[in-house]
Number of protein chains: 2
Amino acid sequence: MTNSANSDIARLCKEHGLRLTGARKIIMQVLLKSNDHPDAVELHRRVSKIDSRVAIATVYRTLNMLRDKGVLERHTFADGRARYETTDNEHHDHLINVETGDVVEFRSDEIERLQEEIARAHGFEIVNHRLEIYVRPLEKPQRRAGRAKA
Amino acid sequence: MTNSANSDIARLCKEHGLRLTGARKIIMQVLLKSNDHPDAVELHRRVSKIDSRVAIATVYRTLNMLRDKGVLERHTFADGRARYETTDNEHHDHLINVETGDVVEFRSDEIERLQEEIARAHGFEIVNHRLEIYVRPLEKPQRRAGRAKA
DNA sequence: CTCCAATTGCGTCGCAATCGCAATAACGCC
DNA sequence: GGCGTTATTGCGATTGCGACGCAATTGGAG
């Protein structure tokens, strides 16, 4: 299992003319197995668990590099910290659970299309966009007047 | 012209039980006449032009206060800095011209509705949302292959 | 005019992110 | 395998935005 990931990482580095260093290996390995949307500090925490010598500056540098190469995407949600995810084939937007911080991905072709329309109507073309919906779990339908207990 | 603005400001302060101080008068006056979406530093720059003694900390404090009172909205676009605008009656989203930094407001009921749908479909209710479309002016239709001149 | 709490200005802090630089380590070459 | 070159790293310091503590100032009610 680590095998395929390893070769992916090696290939990625080769393709972009980057040295396959220890820090890079670990950081990319952690990234690839992260399905959530961790921030740099959280990533550093996970990386440190594997090799505590890796500096957070290196995490930031690697993250920026991978973003520049198009391997990663960086999102800055309302809490301020930047969070990362590996670029996937298809664009998507985010639902953010304000109670837990969890992120759910979604995609709406209809919204995408409407955005295009709006931009064009204003004489623009879209470079990029971001749509974040901050949400809270729906109360389960209750028999009586539900009251959230403190 | 300064008159009506002045009374607006005075009224705002009264309504919220705030002292009508010199700094406040200037900051609010600058805010009311700003149609763009300035950040705190830019606001401070403008305020300083009127009274250079006003500290940026006061600008931040006033901005936060006004946001808490619902008079202002704070947006954090992709560049990181928070930008402010006076709250208007109706929610809107933003088109941001990446070449100039200019901001255009728009609203799409259809997009709003779709968001509701999506959130509900995932078992959430919307607390808040933000949609920013980063755009670039459409090339004017040209006769020949248009080339943006440097 | 007086008094006192609200407000301000200044300096400092906190946090995320970046940077400069000396030390280290990939990797092409032999 | 050993070498030399140069990218990369770790460290500490720094930046930039924003917030805060505190002493000095100042609205504005009486």
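These numbers were taken from a predicted model, which means no experiment stands behind them.
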Is A:Arg120 salt-bridged to A:Glu117, going by a charged N under 4.0 Å from an acidic O?
-> no
Is any side-chain heavy atom of A:Pro137 less than 4.5 Å from a side-chain heavy atom of A:Asn97?
-> yes
Under 4.0 angstrom between B:Thr58 side-chain N/O and C:dG9 OP1 or OP2 = yes
Using the closest heavy atom to pick a nucleotide of DNA chain D for each, name whichever of A:Thr62 or B:Lys14 lands nearer the 5' end.
-> A:Thr62
Would you mind classifying the nucleic acid contact of B:Val54 as base, sugar-phosphate or nothing, using non-hydrogen atoms under 4.0 angstrom?
-> sugar-phosphate
Beyond-backbone contact of A:Asp93 with A:Glu112, side-chain heavy atoms, under 4.5 angstrom | yes
A:Arg24 CZ to C:dA25 P, in whole Å, measures 15 Å
Rounded to whole Å, CD1 of B:Ile56 lies from P of C:dG11 at a distance of 15 Å
Identify whether any heavy atom of A:Ala57 sits under 4.0 Å from a base atom; if not, whether one sits that close to sugar-phosphate; answer base, sugar-phosphate or nothing.
-> base
Euclidean distance, atom CG of residue B:Leu63 to atom C1' of C:dT7 [Å, nearest integer] | 16 Å
Any idea how B:His94 and B:His37 line up, ring-wise: parallel (<30°), tilted (30 to 60°), or perpendicular (>60°)?
-> perpendicular
Rounded to whole Å, NE2 of A:His44 lies from P of C:dT18 at a distance of 15 Å
Using whole Å, report how far CD1 of A:Ile27 lies from P of D:dT8.
-> 12 Å
Taking C-beta and beyond as the side chain, do B:Leu43 and B:Leu63 meet within less than 4.5 Å on heavy atoms?
-> yes
Looking across every strand, which nucleic acid part, if any, lies under 4.0 Å from B:Asp39 by heavy atom: base, sugar-phosphate, or nothing?
-> nothing
Of A:Ala40 and A:Arg53, whose nearest nucleotide on DNA chain C comes first from the 5' end?
-> A:Ala40
For A:Arg61 and for B:Arg74, locate the closest nucleotide of DNA chain D by heavy-atom distance; then report the residue assigned to the nucleotide nearer the 5' terminus.
-> A:Arg61
B:Tyr60 OH to C:dG11 P: how many Å, rounded?
-> 17 Å
Specify the separation, in whole Å, of atom CG of B:Asp79 and atom P of D:dT15.
-> 21 Å
Length of the line joining A:Asn64:CG and C:dA17:C1', which is rounded to integer Å = 8 Å
Reckon A:Arg19 touches a base, only the sugar-phosphate, or nothing at all at heavy-atom distances under 4.0 Å?
-> base
